[in-house]
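Take a look at the structure below.
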There are 2 protein chains.
Amino acid sequence: MRLFLSTYVNKVDRKGRVSVPAPFRTVLSGQNSSGILTFRSFKHNALDCSGLDRVQEMAAQLDTIPEFSEEYENLAALFADMKTLPLDSEGRIILPEDLLQFVGITDSVAFVGQGKNFQIWEPAAQEAHQEARRQSARASGFTLPTSRPVAPIVGATP
Amino acid sequence: MRLFLSTYVNKVDRKGRVSVPAPFRTVLSGQNSSGILTFRSFKHNALDCSGLDRVQEMAAQLDTIPEFSEEYENLAALFADMKTLPLDSEGRIILPEDLLQFVGITDSVAFVGQGKNFQIWEPAAQEAHQEARRQSARASGFTLPTSRPVAPIVGATP
DNA sequence: CCGTCATTGGGATGACATGGGATATCATGG
DNA sequence: CCATGATATCCCATGTCATCCCAATGACGG
(Lines give C-alpha, C1' and ligand atoms only; values in the text may rest on other atoms or scores of the structure.)
Protein backbone atom coordinates (compact mmCIF):
# COMPACT_ATOMS: atom_id res chain seq x y z
CA MET A 1 0.00 0.00 0.00
CA ARG A 2 1.39 3.37 -1.01
CA LEU A 3 1.47 6.25 1.36
CA PHE A 4 0.94 9.99 1.22
CA LEU A 5 4.35 11.43 1.98
CA SER A 6 5.97 14.85 2.13
CA THR A 7 4.48 18.31 1.73
CA TYR A 8 3.74 20.10 -1.53
CA VAL A 9 2.66 23.69 -2.02
CA ASN A 10 0.75 24.51 -5.21
CA LYS A 11 -0.89 27.65 -6.46
CA VAL A 12 -4.57 28.45 -6.82
CA ASP A 13 -5.27 29.87 -10.25
CA ARG A 14 -7.75 32.57 -11.01
CA LYS A 15 -10.52 30.01 -11.46
CA GLY A 16 -9.88 28.54 -8.03
CA ARG A 17 -8.19 25.40 -9.28
CA VAL A 18 -5.25 23.66 -7.58
CA SER A 19 -3.14 20.83 -8.88
CA VAL A 20 -3.08 17.82 -6.60
CA PRO A 21 0.54 16.67 -6.35
CA ALA A 22 1.18 13.88 -8.80
CA PRO A 23 2.45 11.44 -6.14
CA PHE A 24 -0.78 11.93 -4.19
CA ARG A 25 -2.83 11.29 -7.30
CA THR A 26 -0.99 8.04 -7.77
CA VAL A 27 -1.89 6.93 -4.26
CA LEU A 28 -5.51 8.02 -4.70
CA SER A 29 -5.95 6.02 -7.86
CA GLY A 30 -5.18 2.94 -5.79
CA GLN A 31 -7.91 3.84 -3.31
CA ASN A 32 -10.96 3.25 -5.44
CA SER A 33 -11.29 6.94 -5.99
CA SER A 34 -11.37 9.24 -8.96
CA GLY A 35 -11.79 12.21 -6.65
CA ILE A 36 -10.86 13.39 -3.20
CA LEU A 37 -13.17 13.05 -0.25
CA THR A 38 -12.59 15.79 2.24
CA PHE A 39 -13.96 17.14 5.51
CA ARG A 40 -12.99 19.69 8.10
CA SER A 41 -10.39 18.64 10.61
CA PHE A 42 -11.60 18.53 14.21
CA LYS A 43 -8.42 19.97 15.61
CA HIS A 44 -7.05 22.45 13.12
CA ASN A 45 -8.05 24.81 10.39
CA ALA A 46 -7.25 22.17 7.85
CA LEU A 47 -9.00 19.63 5.66
CA ASP A 48 -8.74 15.91 6.06
CA CYS A 49 -8.56 14.16 2.72
CA SER A 50 -8.68 10.58 1.59
CA GLY A 51 -10.00 8.32 -1.10
CA LEU A 52 -13.34 6.58 -1.24
CA ASP A 53 -12.22 3.54 0.74
CA ARG A 54 -12.28 5.16 4.13
CA VAL A 55 -15.66 6.76 3.60
CA GLN A 56 -17.20 3.47 2.56
CA GLU A 57 -15.89 1.94 5.74
CA MET A 58 -17.57 4.68 7.70
CA ALA A 59 -20.82 4.01 5.88
CA ALA A 60 -20.43 0.34 6.73
CA GLN A 61 -20.04 1.22 10.40
CA LEU A 62 -23.27 3.14 10.17
CA ASP A 63 -25.07 -0.11 9.46
CA THR A 64 -24.08 -1.47 12.87
CA ILE A 65 -25.72 1.39 14.76
CA PRO A 66 -29.45 1.66 15.54
CA GLU A 67 -30.96 3.87 12.91
CA PHE A 68 -32.43 6.69 14.95
CA SER A 69 -30.00 6.64 17.85
CA GLU A 70 -27.88 9.56 18.96
CA GLU A 71 -24.71 7.82 17.94
CA TYR A 72 -26.06 7.19 14.48
CA GLU A 73 -26.80 10.86 14.00
CA ASN A 74 -23.38 11.88 15.23
CA LEU A 75 -21.66 9.70 12.71
CA ALA A 76 -24.09 10.61 9.96
CA ALA A 77 -23.40 14.29 10.57
CA LEU A 78 -19.89 13.75 9.28
CA PHE A 79 -21.32 13.03 5.87
CA ALA A 80 -22.95 16.43 5.83
CA ASP A 81 -19.57 18.11 6.11
CA MET A 82 -17.93 15.85 3.61
CA LYS A 83 -17.34 16.90 0.03
CA THR A 84 -16.27 15.11 -3.08
CA LEU A 85 -13.71 17.09 -4.99
CA PRO A 86 -13.49 15.59 -8.47
CA LEU A 87 -10.20 15.71 -10.33
CA ASP A 88 -10.24 17.37 -13.72
CA SER A 89 -8.34 15.95 -16.66
CA GLU A 90 -5.16 17.71 -15.50
CA GLY A 91 -5.42 16.40 -11.96
CA ARG A 92 -6.73 19.58 -10.38
CA ILE A 93 -9.50 20.17 -7.88
CA ILE A 94 -11.63 23.17 -7.08
CA LEU A 95 -11.91 24.07 -3.43
CA PRO A 96 -15.36 25.40 -2.54
CA GLU A 97 -15.58 28.87 -1.09
CA ASP A 98 -16.55 27.76 2.41
CA LEU A 99 -13.60 25.41 2.65
CA LEU A 100 -11.22 28.07 1.38
CA GLN A 101 -12.42 30.35 4.14
CA PHE A 102 -12.29 27.69 6.80
CA VAL A 103 -8.68 26.87 5.95
CA GLY A 104 -7.78 30.50 5.31
CA ILE A 105 -6.43 29.89 1.83
CA THR A 106 -5.86 32.85 -0.44
CA ASP A 107 -3.42 32.03 -3.24
CA SER A 108 -1.67 28.77 -2.46
CA VAL A 109 -2.34 25.41 -0.85
CA ALA A 110 -0.17 23.02 1.15
CA PHE A 111 -0.80 19.31 0.63
CA VAL A 112 0.53 17.56 3.71
CA GLY A 113 1.14 13.83 3.62
CA GLN A 114 -0.02 11.95 6.71
CA GLY A 115 0.66 8.41 5.62
CA LYS A 116 -2.74 6.88 5.00
CA ASN A 117 -4.40 10.17 4.29
CA PHE A 118 -3.35 13.76 3.74
CA GLN A 119 -4.34 17.25 4.79
CA ILE A 120 -4.85 20.57 3.09
CA TRP A 121 -3.49 23.66 4.84
CA GLU A 122 -2.79 27.29 4.27
CA PRO A 123 0.99 27.14 3.72
CA ALA A 124 1.99 29.72 6.34
CA ALA A 125 -0.33 28.17 8.93
CA GLN A 126 1.07 24.75 8.16
CA GLU A 127 4.63 25.98 8.52
CA ALA A 128 3.75 27.64 11.81
CA HIS A 129 2.09 24.46 12.99
CA GLN A 130 5.15 22.45 12.04
CA GLU A 131 7.39 24.94 13.77
CA ALA A 132 5.25 24.81 16.91
CA ARG A 133 5.70 21.09 16.96
CA ARG A 134 9.42 21.44 16.61
CA GLN A 135 9.44 23.91 19.48
CA SER A 136 7.34 21.57 21.53
CA ALA A 137 9.59 18.64 20.89
CA ARG A 138 12.59 20.76 21.60
CA ALA A 139 11.12 22.17 24.81
CA SER A 140 10.20 18.79 26.15
CA GLY A 141 13.66 17.63 25.22
CA PHE A 142 15.22 20.39 27.31
CA THR A 143 13.11 19.68 30.34
CA LEU A 144 14.29 16.13 30.40
CA PRO A 145 16.87 15.59 33.07
CA THR A 146 19.56 14.61 30.66
CA SER A 147 23.14 15.58 31.06
CA ARG A 148 23.79 15.65 27.37
CA PRO A 149 24.56 19.22 26.36
CA VAL A 150 24.65 18.88 22.59
CA ALA A 151 21.23 18.00 21.23
CA PRO A 152 21.40 17.22 17.51
CA ILE A 153 17.81 18.30 17.00
CA VAL A 154 18.73 21.96 17.43
CA GLY A 155 19.42 23.62 14.16
CA ALA A 156 17.95 20.84 12.08
CA THR A 157 16.37 23.42 9.79
CA PRO A 158 18.72 25.93 8.18
CA MET B 1 -22.80 1.73 -3.03
CA ARG B 2 -23.23 5.43 -3.65
CA LEU B 3 -23.66 7.78 -0.75
CA PHE B 4 -25.39 11.06 -0.08
CA LEU B 5 -22.54 13.43 0.75
CA SER B 6 -22.17 17.11 1.51
CA THR B 7 -24.73 19.85 1.98
CA TYR B 8 -26.38 21.87 -0.77
CA VAL B 9 -28.58 24.93 -0.39
CA ASN B 10 -31.06 25.62 -3.19
CA LYS B 11 -33.75 28.21 -3.62
CA VAL B 12 -37.49 27.79 -3.63
CA ASP B 13 -39.01 29.54 -6.62
CA ARG B 14 -42.30 31.34 -6.60
CA LYS B 15 -44.14 28.15 -7.51
CA GLY B 16 -42.68 26.33 -4.55
CA ARG B 17 -40.25 24.24 -6.56
CA VAL B 18 -36.74 23.29 -5.42
CA SER B 19 -34.00 21.64 -7.42
CA VAL B 20 -32.72 18.46 -5.86
CA PRO B 21 -28.91 18.59 -6.08
CA ALA B 22 -27.70 16.67 -9.12
CA PRO B 23 -25.39 14.36 -7.12
CA PHE B 24 -28.34 13.34 -4.94
CA ARG B 25 -30.44 12.64 -7.99
CA THR B 26 -27.70 10.39 -9.25
CA VAL B 27 -27.72 8.40 -6.03
CA LEU B 28 -31.52 8.22 -6.02
CA SER B 29 -31.66 6.86 -9.53
CA GLY B 30 -29.64 3.92 -8.27
CA GLN B 31 -32.07 3.32 -5.44
CA ASN B 32 -35.06 2.04 -7.32
CA SER B 33 -36.69 5.40 -7.05
CA SER B 34 -37.94 8.02 -9.44
CA GLY B 35 -39.06 10.22 -6.56
CA ILE B 36 -38.13 11.05 -3.01
CA LEU B 37 -39.73 9.40 -0.01
CA THR B 38 -39.85 11.70 2.96
CA PHE B 39 -41.09 11.84 6.52
CA ARG B 40 -40.74 14.13 9.49
CA SER B 41 -37.67 13.60 11.60
CA PHE B 42 -38.29 12.42 15.16
CA LYS B 43 -35.75 14.70 16.68
CA HIS B 44 -35.52 17.83 14.62
CA ASN B 45 -37.52 20.16 12.47
CA ALA B 46 -36.25 18.42 9.43
CA LEU B 47 -37.33 15.88 6.85
CA ASP B 48 -35.78 12.50 6.42
CA CYS B 49 -35.49 11.56 2.77
CA SER B 50 -34.41 8.56 0.79
CA GLY B 51 -35.24 6.38 -2.13
CA LEU B 52 -37.60 3.44 -2.15
CA ASP B 53 -34.97 0.90 -1.13
CA ARG B 54 -34.49 2.27 2.34
CA VAL B 55 -38.19 2.51 3.06
CA GLN B 56 -38.59 -1.10 2.10
CA GLU B 57 -35.85 -1.97 4.55
CA MET B 58 -37.70 -0.07 7.24
CA ALA B 59 -40.87 -1.95 6.42
CA ALA B 60 -38.93 -5.17 6.79
CA GLN B 61 -37.67 -4.06 10.21
CA LEU B 62 -41.25 -3.55 11.25
CA ASP B 63 -41.72 -7.29 11.10
CA THR B 64 -39.16 -7.81 13.83
CA ILE B 65 -41.08 -5.69 16.33
CA PRO B 66 -44.01 -7.02 18.38
CA GLU B 67 -47.22 -5.82 16.84
CA PHE B 68 -49.26 -3.31 18.90
CA SER B 69 -46.21 -2.45 20.98
CA GLU B 70 -45.34 1.17 21.56
CA GLU B 71 -42.31 0.92 19.32
CA TYR B 72 -44.28 -0.72 16.56
CA GLU B 73 -46.86 2.03 16.56
CA ASN B 74 -44.19 4.70 16.52
CA LEU B 75 -42.49 3.21 13.53
CA ALA B 76 -45.76 2.53 11.80
CA ALA B 77 -46.70 6.16 12.29
CA LEU B 78 -43.80 7.04 10.05
CA PHE B 79 -45.49 5.41 7.13
CA ALA B 80 -48.60 7.47 7.71
CA ASP B 81 -46.56 10.65 7.59
CA MET B 82 -44.54 9.57 4.62
CA LYS B 83 -44.94 11.28 1.30
CA THR B 84 -43.63 10.69 -2.17
CA LEU B 85 -42.25 13.79 -3.78
CA PRO B 86 -42.01 13.20 -7.53
CA LEU B 87 -39.22 14.76 -9.51
CA ASP B 88 -40.20 16.93 -12.45
CA SER B 89 -38.32 16.82 -15.74
CA GLU B 90 -35.74 19.29 -14.41
CA GLY B 91 -35.12 17.32 -11.23
CA ARG B 92 -37.17 19.52 -8.92
CA ILE B 93 -39.63 18.67 -6.20
CA ILE B 94 -42.50 20.58 -4.65
CA LEU B 95 -42.62 20.62 -0.87
CA PRO B 96 -46.20 20.52 0.45
CA GLU B 97 -47.30 23.41 2.61
CA ASP B 98 -47.42 21.42 5.86
CA LEU B 99 -43.88 20.21 5.41
CA LEU B 100 -42.64 23.69 4.60
CA GLN B 101 -44.15 24.92 7.84
CA PHE B 102 -42.85 22.01 9.86
CA VAL B 103 -39.30 22.61 8.69
CA GLY B 104 -39.66 26.38 8.79
CA ILE B 105 -38.62 26.92 5.21
CA THR B 106 -39.28 30.27 3.62
CA ASP B 107 -37.11 30.83 0.58
CA SER B 108 -34.32 28.26 0.53
CA VAL B 109 -33.71 24.63 1.39
CA ALA B 110 -30.67 22.76 2.69
CA PHE B 111 -30.17 19.22 1.39
CA VAL B 112 -27.98 17.45 3.93
CA GLY B 113 -26.17 14.24 3.06
CA GLN B 114 -26.27 11.51 5.71
CA GLY B 115 -24.72 8.62 3.85
CA LYS B 116 -27.55 6.24 3.07
CA ASN B 117 -30.14 8.95 3.22
CA PHE B 118 -30.37 12.72 3.34
CA GLN B 119 -32.30 15.38 5.18
CA ILE B 120 -34.06 18.60 4.31
CA TRP B 121 -33.55 21.56 6.63
CA GLU B 122 -34.04 25.26 6.88
CA PRO B 123 -30.51 26.43 6.02
CA ALA B 124 -29.84 28.57 9.10
CA ALA B 125 -31.17 25.92 11.45
CA GLN B 126 -29.04 23.30 9.76
CA GLU B 127 -25.90 25.35 10.04
CA ALA B 128 -26.51 25.89 13.75
CA HIS B 129 -27.23 22.23 14.27
CA GLN B 130 -24.15 21.16 12.34
CA GLU B 131 -21.93 23.53 14.25
CA ALA B 132 -23.24 22.13 17.52
CA ARG B 133 -22.38 18.65 16.34
CA ARG B 134 -18.88 19.68 15.40
CA GLN B 135 -18.37 21.04 18.90
CA SER B 136 -19.81 17.89 20.39
CA ALA B 137 -17.67 15.61 18.28
CA ARG B 138 -14.62 17.61 19.18
CA ALA B 139 -15.44 17.64 22.89
CA SER B 140 -16.21 13.95 23.05
CA GLY B 141 -12.95 13.09 21.37
CA PHE B 142 -14.69 11.47 18.48
CA THR B 143 -12.24 9.42 16.46
CA LEU B 144 -12.44 8.65 12.81
CA PRO B 145 -12.12 5.12 11.60
CA THR B 146 -8.70 4.30 10.28
CA SER B 147 -8.52 3.98 6.55
CA ARG B 148 -7.05 0.49 6.55
CA PRO B 149 -7.13 -1.49 9.78
CA VAL B 150 -4.25 -3.88 10.32
CA ALA B 151 -6.57 -6.55 11.68
CA PRO B 152 -9.01 -7.93 9.12
CA ILE B 153 -12.57 -6.78 9.57
CA VAL B 154 -15.00 -9.49 10.55
CA GLY B 155 -17.08 -10.43 7.58
CA ALA B 156 -14.87 -8.52 5.18
CA THR B 157 -15.14 -9.72 1.63
CA PRO B 158 -11.81 -10.32 -0.07
C1' DC C 1 21.06 19.74 -24.64
C1' DC C 2 16.94 17.35 -25.33
C1' DG C 3 12.81 14.60 -23.93
C1' DT C 4 9.46 13.71 -20.45
C1' DC C 5 6.47 14.81 -16.95
C1' DA C 6 4.19 18.10 -13.79
C1' DT C 7 2.19 22.43 -12.92
C1' DT C 8 -0.11 26.44 -14.63
C1' DG C 9 -3.09 29.20 -17.74
C1' DG C 10 -7.08 30.30 -20.82
C1' DG C 11 -10.90 29.67 -24.26
C1' DA C 12 -14.89 26.89 -25.46
C1' DT C 13 -18.34 23.82 -24.23
C1' DG C 14 -21.68 21.70 -21.34
C1' DA C 15 -24.21 20.84 -16.99
C1' DC C 16 -26.99 22.64 -13.60
C1' DA C 17 -29.95 25.75 -10.95
C1' DT C 18 -33.49 28.88 -11.79
C1' DG C 19 -37.39 31.27 -13.94
C1' DG C 20 -41.66 31.72 -16.65
C1' DG C 21 -45.34 30.44 -19.90
C1' DA C 22 -48.44 26.85 -21.60
C1' DT C 23 -50.89 22.62 -20.84
C1' DA C 24 -52.77 18.80 -18.26
C1' DT C 25 -54.89 16.95 -14.00
C1' DC C 26 -57.69 17.10 -10.02
C1' DA C 27 -61.20 18.44 -6.62
C1' DT C 28 -65.01 21.09 -5.91
C1' DG C 29 -69.46 23.21 -6.71
C1' DG C 30 -73.32 23.89 -9.71
C1' DC D 1 -72.50 15.41 -15.73
C1' DC D 2 -70.30 19.57 -16.76
C1' DA D 3 -67.97 23.98 -15.52
C1' DT D 4 -64.52 26.23 -12.92
C1' DG D 5 -60.55 27.26 -10.50
C1' DA D 6 -56.50 25.82 -8.45
C1' DT D 7 -52.60 23.16 -8.67
C1' DA D 8 -49.08 20.49 -10.69
C1' DT D 9 -46.56 19.02 -14.84
C1' DC D 10 -44.24 19.79 -19.13
C1' DC D 11 -41.47 22.53 -22.13
C1' DC D 12 -38.31 26.09 -23.21
C1' DA D 13 -35.15 30.03 -22.01
C1' DT D 14 -31.31 32.06 -19.37
C1' DG D 15 -27.19 32.93 -16.50
C1' DT D 16 -23.60 30.96 -13.88
C1' DC D 17 -20.18 27.99 -13.06
C1' DA D 18 -17.50 23.74 -13.67
C1' DT D 19 -15.47 20.73 -16.92
C1' DC D 20 -13.04 19.60 -21.12
C1' DC D 21 -9.59 20.54 -24.39
C1' DC D 22 -5.48 22.66 -25.91
C1' DA D 23 -1.27 25.20 -25.00
C1' DA D 24 2.75 27.10 -22.48
C1' DT D 25 6.02 27.09 -18.92
C1' DG D 26 9.16 25.04 -15.75
C1' DA D 27 11.68 21.10 -13.36
C1' DC D 28 14.23 17.01 -13.76
C1' DG D 29 16.96 13.23 -15.56
C1' DG D 30 19.40 11.05 -19.25
Side-chain angles (χ1 to χ4, degrees), chain A residues 2 4-30 33-38 47 49 82-101 105-113 118 120-123 126, chain B residues 2 4-30 33-38 49 83-101 105-113 118 120-123 126:
Chain A
R2 309 193 69 169
F4 297 102
L5 296 178
S6 182
T7 297
Y8 303 85
V9 176
N10 287 339
K11 285 178 186 168
V12 183
D13 71 12
R14 140 173 31 167
K15 290 184 179 179
R17 300 176 296 189
V18 202
S19 283
V20 175
F24 284 17
R25 297 204 300 266
T26 307
V27 182
L28 281 169
S29 65
S33 199
S34 63
I36 295 176
L37 289 160
T38 179
L47 304 178
C49 306
M82 204 171 293
K83 303 208 176 184
T84 303
L85 307 179
L87 292 164
D88 72 6
S89 45
E90 272 72 39
R92 290 174 286 198
I93 54 174
I94 293 184
L95 290 169
E97 186 58 33
D98 59 332
L99 294 186
L100 285 176
Q101 287 187 8
I105 288 171
T106 55
D107 63 339
S108 51
V109 177
F111 294 84
V112 185
F118 66 94
I120 284 178
W121 286 73
E122 197 283 318
Q126 196 273 330
Chain B
R2 294 208 150 204
F4 294 102
L5 295 181
S6 184
T7 298
Y8 303 85
V9 176
N10 287 340
K11 285 178 186 168
V12 182
D13 71 12
R14 141 173 28 168
K15 292 183 180 179
R17 301 175 297 188
V18 203
S19 284
V20 176
F24 284 17
R25 296 203 301 266
T26 307
V27 181
L28 281 169
S29 65
S33 199
S34 63
I36 294 175
L37 289 162
T38 180
C49 307
K83 296 192 177 180
T84 302
L85 307 179
L87 291 164
D88 73 6
S89 46
E90 270 72 39
R92 290 176 285 199
I93 54 174
I94 292 183
L95 291 168
E97 186 57 34
D98 59 333
L99 295 185
L100 284 176
Q101 287 187 7
I105 289 171
T106 56
D107 63 339
S108 50
V109 177
F111 294 83
V112 185
F118 66 94
I120 284 178
W121 285 71
E122 196 283 318
Q126 194 275 328

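Naming: A, B, ... by sequence-line order, numbering from 1 per chain.
The nearest whole Å value for the distance from the CG atom in Asn10(B) to the P atom in dC16(C) is 12 Å. Atom CG in Asp88(A) sits about 15 Å away from atom C1' in dA12(C), given to the nearest Å. The CG-C1' distance, from Asp13(B) to dG21(C), rounds to 13 Å in whole Å. Between Arg17(A) atom CZ and dT19(D) atom P the separation is 10 Å, expressed in whole Å. The NZ atom of Lys83(A) sits 11 Å away from the P atom of dA18(D) (whole-angstrom rounding). When rounded to the nearest whole Å, the span between CG of Leu87(A) and C1' of dA6(C) equals 14 Å.
Among the atoms of the strands shown, only primed sugar atoms or phosphate atoms (P, OP1, OP2) are found under 4.0 Å from some heavy atom of Arg14(B). Residue contacts for Val9(A): at a heavy-atom cut-off of 4.0 Å it reaches no nucleic acid atom on any strand shown. Residue contacts for Val18(B): at a heavy-atom cut-off of 4.0 Å it reaches no nucleic acid atom on any strand shown.
Shown are Lys11(B), Arg17(B), Lys15(B); of these, the side chain to side chain donor-acceptor pair (under 3.5 Å) with Asp13(B) is made only by Arg17(B).
Within residues 92-101 of chain B, the residues that have a heavy atom under 4.0 Å from DNA chain C are, in order of number, Arg92(B).
Arg25(B) has a side-chain polar atom (N or O) that falls below the 4.0 Å cut-off from OP1 or OP2 of dA17(C).
Both Ser19(B) and Pro23(A) sit near DNA chain C, but only Pro23(A) has its closest nucleotide nearer the 5' end. A residue-by-residue look at Glu90(A) and Lys15(A) shows that Lys15(A) has its nearest nucleotide of DNA chain D further toward the 5' end.
Judged by atom type and distance alone, Lys11(B) does not reach the base of dG19(C) through any side-chain donor-acceptor pair under 3.5 Å.
Of the inter-residue distances, the one linking Met82(A) atom CE with Thr7(B) atom OG1 reads 11.0 Å to the nearest 0.5 angstrom. A distance of 11.0 Å separates CH2 of Trp121(B) from CD1 of Ile105(B), quoted to the nearest 0.5 Å.
The side chain of Ala22(A) sits closest to dT7(C) out of dT7(C), dT19(D), dA17(C).
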| said: Under the criterion side chain to side chain contact (heavy atoms under 4.5 Å, CB included), I'd like the reasoning laid out for Ile120(B) against Thr38(B): C-alpha separation, chi angles, the key distance, then a yes or no. | reply: CA-CA 9 Å; Ile120(B) 284 178; Thr38(B) 180; 5.5 Å; no
Would you check, one step at a time, whether the test ring-ring contact (aromatic ring centres under 6.0 Å, His included) holds for Phe4(A) with Phe24(A)?
CA-CA 6 Å; Phe4(A) 297 102; Phe24(A) 284 17; 5.2 Å; yes
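Without hydrogens or angle criteria, Asn10(A) side chain to Val18(A) main chain gives no donor-acceptor distance under 3.5 Å.
The residues Asp98(B) and Lys83(B) are annotated as salt-bridged, a charged nitrogen and a carboxylate oxygen being separated by less than 4.0 angstrom.
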